[in-house]
Amino acid sequence: MIKQISLAKKEFLLIKLFIALILILVSVNLFAMFSIAGGVVDSLVSKQINITLISLFMTFIFSIINIRFIFSNSYYIYLLVLLSLIITDFLGYQAMGAKRWINLGFINIQPSEFMKIAVILALAKFFHNSHINNIKKYRNLIFPLMLIILPALLILKQPNLGTSLIIILTSLTILFIAGVRIQLFIYLGLSAVLSLPIIWRFLHDYQKTRILTFLDPTTDTLGAGYNIIQSIISIGSGGLFGKGFLKGSQNQLDFLPENHTDFIFGLIAEEGGFVLCALLLTIYSLIITILYVISIQCYSHFYRIFILGFASLLFFHIVVNIGMISGLLPVVGVPLPLLSYGGSNYLAIMIGIGLTINIYLNKTRVLPKGG
């Protein structure tokens with residue numbers, strides 16, 4: 001009896017560590033917002049506190065909701081979010097040249113962020129119900145490919161290249177995990193390369209400028225290249241231990257644009273230095289490792305694919321954002337999970353965390369095929 005209690009305590013250590021790491025990132029996010037506000041609680045900080053409280057509440061709700069209900073209704077959840085994307089295309093709220101939001105009166109929501117979770121759920125259900133031999137046949141992959149392509153095109157039309165890219169990368173990772181033939185990825189890769197001239201033609205002018213600026217930021221130091229250059233200066237000026245909380249000149253003098261969203265890691269690097277950056281990247285690595293360990297422990301394929309899909313989502317967000325703000329990748333507008341100023345992305349990630357906790361608590365329960 002004592003041994004069983006001891007094993008149960010050890011069993012919950014993993015999820016406790018996972019929750020603790022998430023709360024550390026949430027806390028760093030709030031401190032970063034406070035720093036951006038110059039050490040006062042302004043509207044930005046107040047909004048982020050409210051978003052954090054709502055997100056934590058939604059995390060709790062999705063951690064206790066019947067996971068079989070989520071599994072049974074995964075396709076309906078996907079269709080609901082897809083419908084919201086279509087509504088956004090016709091009736092969406094437009095800002096900064098993009099139509100990505102639906103105005104609900106009291107809040108603006110960005111359906112494309114929730115589609116990241118919805119696609120993972122839909123693909124997880126499809127592959128849960130599919131036999132490995134059927135997955136090897138290309139004709140049986142038309143449905144999952146359509147699950148990926150439809151939202152990707154709608155989001156690309158908004159335009160939102162970053163979110164569309166994240167959904168495609170995450171989905172392709174799920175296809176690989178599910179056991180799809182490697183030849184399919186070769187064909188898709190070749191098709192993408194051959195389509196580059198066509199894709200370039202349909203890109204918006206600002207997207208083309210971002211790519212050209214990525215190749216040489218100095219071509220437009222006061223225009224398209226400004227963000228990258230200021231971000232690199234922020235990262236370099238932080239040194240080993242940083243300038244200290246509220247002492248970052250790039251941040252306090254407003255040299256670093258979008259320092260509360262896509263470029264927040266530049267702020268963290270300037271004020272916290274290499275040490276804080278390394279600590280945060282270690283936390284991200286631990287979170288992804290824990291997700292991988294949880295996936296191994298799951299009895300049902302649906303659980304396993306969702307957890308690995310969510311881990312991939314976080315991984316690509318981190319890699320693209322860090323690469324973007326350090327000048328290693330073009331700027332495509334991808335936030336850093338739980339550190340960038342919240343809204344729809346923050347809430348969607350926290351819902352994914354709630355589902356992860358739920359799956360962990362139910363990992364030994366077997367889900368039926370075709371449910």
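Residues: numbered from 1 along the sequence shown.
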> Do F127 and V366 sit in the same hydrophobic cluster, where Ile, Leu, Val, Met, Phe, Trp and Tyr count as joined when their side-chain heavy atoms come under 4.5 Å apart?
Replying inline: no
>> Contact between L25 and Y284 at the side-chain level, heavy atoms closer than 4.5 Å - yes or no?
In response: yes
> Can you check whether Y303 and H128 have ring centres sitting under 6.0 Å from each other?
Replying inline: no
> Out of curiosity, I359 CD1 to S63 OG, how far, rounded to the nearest 0.5 Å?
Replying inline: 11.5 Å
>> Just to verify, which of V45, T52, I51 counts as forming a side-chain contact (heavy atoms from CB on, under 4.5 Å) with I49?
In response: V45
> Do Y292 and F310 belong together in a cluster built from hydrophobic side chains that touch within less than 4.5 Å?
Replying inline: no
>> With rounding to the nearest 0.5 angstrom, report the CG to CG distance, L23 to L338.
In response: 10.0 Å
> Quick check: are there more than 12 heavy atoms from other residues, nucleotides or ligands sitting under 6.0 Å from CZ of F126?
Replying inline: yes
> Is the Lys NZ or Arg CZ of K125 less than 6.0 Å from the centre of F71's six-membered ring, within 45° of the axis?
Replying inline: yes
> Any link between L169 and I182 through a network of hydrophobic side chains (Ile, Leu, Val, Met, Phe, Trp, Tyr) touching at under 4.5 Å?
Replying inline: yes
>> In this structure, would V193 and L156 fall into the same cluster of hydrophobic residues linked by side-chain contacts under 4.5 Å?
In response: no
>> Rounded at 0.5 Å granularity, tell me how far CD1 in I142 sits from NZ in K137.
In response: 13.0 Å
>> Is it true that E271 and S35 share a donor-acceptor pair across their side chains at a distance under 3.5 Å?
In response: yes
> What distance do I148 atom CD1 and L153 atom CG have between them, rounded to the nearest 0.5 Å?
Replying inline: 11.5 Å
>> Please tell me whether L14 and L314 are part of a single hydrophobic cluster in this structure, the criterion being side-chain heavy atoms less than 4.5 Å apart.
In response: yes
>> Is the distance from the ring center of F143 to that of Y75 below 6.0 Å?
In response: yes
> What are the two closest non-hydrogen atoms of A269 and I235, and how far apart are they?
Replying inline: CB-CA, 3.8 Å
>> Can you tell me how far apart OG1 (T356) and CD1 (I307) are? Round to the nearest 0.5 Å.
In response: 4.0 Å
> Distance only, no hydrogens: is a donor on one side chain within 3.5 Å (strictly under) of an acceptor on the other, for N29 and Q48?
Replying inline: yes
